[in-house]
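To start, the structure itself, in structure tokens.
Keep in mind it's a predicted model, so treat the numbers as computed, not measured. Protein chains get the first letters and strands the later ones, always in sequence-line order, with residue 1 at the start of each.
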Amino acid sequence: MAHVSVPMYWRTIPQRYQMMGQKCKKCGAVNFPPKGVCKYCNASSEFEELQLSGKGKVHTFVLIGAGGAPPEFADQMKAGGSYPVAIVELAEGPKVIGQMTDVNPKDVKMGMPVKAELKKIYTEEGVIRYGFKFAPDLEGK
Amino acid sequence: MRRVAIVGAGQSKYGEFPEKGIKELFFEAYKDMASSVDKNFDPKQIESAYVGNLGSGGFQLGNMSALVAEYVGLPYIHTVRVENACASGGYALVAAVMDVMSGAHKMVLAGGVEKMTDVSGMKQKYWLGVSGDTEYERLAGTTFAGLYALIAHRHMHEFGTKREHLSMVAVKNHKNGAQNPKAQFQREIQLEQAMKAPIVAYPLNLFDCCSTTDGASSLLVCDAEVAKQFTDTPIYITGFGTSSDYLAIHDRINTVTLEGTKRASQHAYKMAGLTAKDIQLAEVHDCFTIAELLAYEDLGFCEKGKAGQFIEEGHTKIDGDKPVNASGGLKSKGHPIGSTGTGQAYEMFNQLRGTVQKPIRQVKGIEKGLVHNVGGSGGTVSVSIMER
């Protein structure tokens with residue numbers, strides 16, 4: 001039951017490994033994940049590449065419980081129990097969804113500072129997929 | 001453009017039916033629709049069919065509209081499978097309405113069907129999950145419960161919406177669904193029971209989530225000019241609206257608003273010459289309890305942020321001033337994905353005509369109703385206004 005094939009994943013590696021975003025040449029806003037046309041002005045498809053800091057704040061979060069995980073995350077649930085997933089408002093402006101890591105689920109709070117780290121996301125088609133997860137940013141404010 | 005009416009509506013029972021596949025379920029709804037037409041029903045007059053469907057139980061994805069149409073005796077017509085995740089049925093209705101409005105066809109079938117229980121729980125989550133954003137939402141380890149939980153948590157944080165408010169939606173809808181002979185769960189639940197159910201995706205628990213369901217529904221849509229040949233009480237579609245949104249919720253400007261619902265309903269109100277105040281009954285998309293609260297706000301029944309208070313004050317009860325989900329909603333009636341939108345219209349058809357099976361959930365003397373169908377977490381939304 002492949003659902004993100006290796007080639008499909010491979011095409012998104014710059015987003016997932018380096019958090020490469022797009023700064024719109026017309027309105028200056030930063031898009032991430034990438035779009036064909038800037039989602040802020042809907043008027044330009046010309047961008048400068050911009051590597052994001054990976055820093056941001058928790059905009060909202062959920063604690064995925066038993067039965068709430070997709071099949072490809074069932075093993076993680078079995079091994080580690082409930083895990084937090086957040087929408088993070090990045091320092092450069094855009095919001096993005098990601099799993100939280102290196103944190104007790106009970107300690108996740110709205111507005112808490114976080115930073116992206118490259119982690120193992122899951123395994124599919126026998127291939128480990130890496131991408132970013134968000135850890136508490138102890139130096140952030 | 002042509003005016004459009006519905007002259008017949010049917011629904012299969014919703015639930016778990018090991019003995020029935022998509023063909024049999026669709027036929028059950030079709031026969032129920034045919035028997036609801038007061039006079040002169042002739043299948044030969046049906047010129048096209050729009051069938052809402054997401055996954056066919058993983059069975060017949062390609063060309064399934066031709067299959068279910070010929071199975072019920074409608075070969076050689078214009079058929080289309082309409083797929084917009086959980087809003088497939090609502091969009092099938094809108095497609096049928098536009099077909100008739102355009103003058104292309106006079107007599108059109110709008111329906112939907114889903115077979116969800118044939119597949120394992122793991123596979124269901126796979127199928128359902130792929131209607132969200134696959135590249136990011138899914139790879140963060142969420143299903144739809146997780147996405148709606150993200151919205152619910154933010155709503156609670158921004159507006160002080162309480163855990164109880166979510167459970168009040170489940171309690172209300174189960175109370176209505178207990179009176180619906182075609183509902184999957186015909187039983188009431190208590191607030192405490194709803195509050196203490198096992199967590200699926202905090203803050204949402206099991207009783208905040210709708211189930212997986214088999215079922216089908218069927219509507220006979222026609223040119224208003226010929227409607228009276230079939231019944232003395234046609235129900236008119238006086239307005240509709242649809243809107244897409246950014247698929248992934250992180251891409252949306254506002255996490256606690258379904259922009260698709262706002263835009264679709266504003267378009268539908270304008271077309272019908274009505275406002276939210278004029279709506280006397282609404283069947284809204286309560287796939288999760290928070291979704292019904294969002295619908296109150298985004299359809300304009302109450303101010304943004306006030307949905308918790310709105311349900312607490314009892315406005316949306318069956319005997320309130322703005323009854324919502326008299327059928328039991330997706331929560332209690334069940335949510336057979338592709339059928340949900342046309343199933344909502346089936347309920348509204350009977351409510352407006354005063355022909356609800358069990359009169360206890362009949363809202364009396366109403367003339368204007370609204371049906372609201374959401375795909376995924378709001379990537380697609382359809383709203384239709386139905387009037388007597």
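Phe132(A) CZ to Met19(A) CE: the interatomic distance, rounded to the nearest 0.5 Å, is 4.0 Å. Rounded to the nearest 0.5 angstrom, Phe185(B) CZ and Ser211(B) OG are separated by 4.0 Å. Rounding to the nearest 0.5 Å places CZ of Arg252(B) at 6.0 Å from CG of Leu258(B).
Heavy atoms closer than 4.5 Å to chain B are found in the side chain of Ile121(A), but not in its backbone. Residue Asp251(B) touches chain A through both its backbone and its side chain, counting heavy-atom pairs closer than 4.5 Å. Neither the backbone nor the side chain of Lys133(A) has a heavy atom closer than 4.5 Å to any heavy atom of chain B. The contact between Phe61(A) and chain B is made by backbone and side chain atoms together, counting heavy-atom distances below 4.5 Å. The contact between Leu147(B) and chain A is made entirely by side chain atoms (from C-beta outward), counting heavy-atom distances below 4.5 Å. Both the backbone and the side chain of His153(B) come within less than 4.5 Å of a heavy atom in chain A.
For the options Gly141(B), Ala145(B), Pro203(B), heavy-atom pairs under 4.5 Å to chain A are most numerous at Gly141(B). Looking only at heavy-atom pairs under 4.5 Å with chain B, the residue among Met8(A), Lys39(A), Gln99(A), Lys35(A) that has the most is Lys39(A). The choice from Asn31(A), Ile64(A), Thr12(A) that makes the most heavy-atom pairs within less than 4.5 Å of chain B is Ile64(A). Comparing Gln15(A), Met77(A), Lys95(A), Glu89(A) by heavy-atom pairs within less than 4.5 Å of chain B, the highest count is held by Lys95(A). Annotation: maximal heavy-atom pairing with chain B below 4.5 Å, among Arg16(A), Gln76(A), Arg129(A), occurs at Arg16(A).
A salt bridge is absent between Lys23(A) and Glu92(A): the closest approach of a Lys/Arg side-chain nitrogen to an acidic carboxylate oxygen does not fall below 4.0 angstrom. Remark: Lys262(B) does not engage Asp298(B) in a salt bridge, criterion side-chain N to carboxylate O under 4.0 Å.
Figure legend: Arg154(B) and Phe159(B) shown without cation-pi pairing, the cationic atom not lying both under 6.0 angstrom from the six-membered ring centre and within 45 degrees of its axis.
Between His372(B) and His285(B), the angle of the ring planes goes over 60°, which puts this pair in the perpendicular group of the 30/60° scheme.
Between the side chains of His155(B) and Glu297(B), at least one donor-acceptor pair of N or O atoms lies under 3.5 Å.
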